[in-house]
**Q** 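For reference, the structure I am asking about is given below.
Since this is a predicted model, take the numbers as computed values, not measurements.
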Amino acid sequence: MEERLKSHYESLSRSIAFTKTADAKATPVLALQIAILGALAARFEKLIPALLAEPWCFERAFLWVILGVYLFFMGAAVAMAARVYMPTHPRTGQSLIYFEDIAAMRSEEFVKRSKEMSSDVIEEQLLSQIHIVSHIASAKMSRVRCAFWLSGVSLVLGLILLAWGSVRP
């Protein structure tokens, strides 16, 4: 039984490590979006004449479309990457492993229940926690993948806008 519990604990540790990996992968997406937005803000005064030029022309309409689509994908990439940092799992009040459940208990209750746990109950709670954390890690990794794709589109559109701002007199 002790070997199984040790193995379960290692599995839980690996699942927790995957959640941290997802967090680390979301950070460059946010950094890239902030960098592109900053570069565009620095060049925005060169884009304003093209955006506000009269009369309406194909170039102006195309620029507005590119700007709108860029803002949509940039916002979606930032929202998806930020969502990686917000795992969702409600406390149940039953787990003696999940920190939210433990924090919701009185200290005396936690100590008493912990001392009364059999090896089978410990194993059951570890397995349950592995399943929950694995689900959270999977959701985070899916969000990171989506944020990378959205960020790629945003990057291309941002570079088009930067180039447009660079060639304007």
**Q** Look at the side-chain heavy atoms of Ile, Leu, Val, Met, Phe, Trp and Tyr, link any pair under 4.5 Å apart, and say whether L37 and L155 land in one connected group.
**A** yes
**Q** Given the rule that I, L, V, M, F, W and Y join up when any side-chain heavy atoms are under 4.5 Å apart, are L159 and L67 in one cluster?
**A**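 Yes, L159 connects to L67 through the hydrophobic network.
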**Q** Answer whether the closest heavy-atom distance between the side chains of V144 and F148 falls below 4.5 Å.
**A**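 Yes, their side chains come closer than 4.5 Å.
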**Q** If you measure from CD on Q33 to CG on L150, what distance do you get to the nearest 0.5 Å?
**A** 9.0 Å
**Q** Taking all atoms of both residues into account, what is the closest heavy-atom pair of I122 and M117, and its distance?
**A** CG1-CE, 3.0 Å
**Q** Given the rule that I, L, V, M, F, W and Y join up when any side-chain heavy atoms are under 4.5 Å apart, are L162 and I160 in one cluster?
**A**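 The answer is yes; both residues are in one hydrophobic cluster.
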**Q** Run through I34, V29, I36 and flag the one making a side chain to side chain contact (heavy atoms under 4.5 Å, CB included) with L32.
**A** I36
**Q** Does anything in residues 114-129 pair up under salt bridge (Lys or Arg N to Asp or Glu O under 4.0 Å), and if so which pairs, sequence neighbours excluded?
**A** R4-E123, K112-E116
**Q** Got a sec, which residues hit side chain to side chain contact (heavy atoms under 4.5 Å, CB included) with E10, two or more places apart in sequence or on another chain?
**A**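 Residues passing side chain to side chain contact (heavy atoms under 4.5 Å, CB included) with E10: K6, R14.
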**Q** Of all the heavy-atom pairs spanning M80 and A147, show the shortest one and how long it is.
**A** CG-N, 3.8 Å
**Q** Return the minimal non-hydrogen interatomic distance between V84 and A22, and the atom names on each side.
**A**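 Distance-wise, the nearest heavy atoms are CG1-O, 3.7 Å.
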**Q** Applying side chain to side chain contact (heavy atoms under 4.5 Å, CB included), run through Y70 and L40 and close with a yes or a no.
**A** CA-CA 11 Å; Y70 161 74; L40 282 172; 3.5 Å; yes
**Q** Nearest 0.5 Å, please: how far is OG in S134 from CD in Q129?
**A**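 One finds 10.0 Å between CD of Q129 and OG of S134.
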**Q** When rounded to the nearest 0.5 angstrom, what distance separates CD1 in I130 from OG in S11?
**A**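 So the CD1 of I130 and the OG of S11 are separated by 4.5 Å.
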**Q** Which heavy atom of S151 sits nearest a heavy atom of A77, and at what distance?
**A** N-CB, 3.7 Å
**Q** L30 versus Y85: any side-chain heavy-atom pair under 4.5 Å?
**A**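 In contact.
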**Q** Side chains of L63 and L161, heavy atoms from C-beta outward: is any pair under 4.5 Å?
**A**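 Yes - at least one pair of side-chain heavy atoms lies under 4.5 Å apart.
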**Q** In Å, rounded to the nearest 0.5 Å, how long is the span from CE of M86 to CZ of R143?
**A** 9.0 Å
**Q** Is the shortest side-chain heavy-atom distance between V78 and M74 below 4.5 Å?
**A**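 With C-beta onward as the side chain, the pair touches.
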**Q** Let me check something: do L157 and L71 share a hydrophobic cluster, defined by ILVMFWY side-chain heavy atoms less than 4.5 Å apart, either directly or through other members?
**A** yes
**Q** According to a hydrophobic-cluster definition based on side-chain heavy atoms being under 4.5 Å apart (Ile, Leu, Val, Met, Phe, Trp, Tyr only), do W149 and V153 belong together?
**A** no
**Q** Quick check: do R145 and S142 have side-chain heavy atoms less than 4.5 Å from each other?
**A**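 R145 vs S142: side chains touch.
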**Q** Under the ring pair (Phe, Tyr, Trp, His ring centres under 6.0 Å) test, which residues partner F72, sequence neighbours left out?
**A**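 By the ring pair (Phe, Tyr, Trp, His ring centres under 6.0 Å) rule, F72 matches no residue at all.
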**Q** Given side chains that start at C-beta, do those of M141 and T21 come closer than 4.5 Å, heavy atoms only?
**A**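 Contact flag for M141/T21 side chains = yes.
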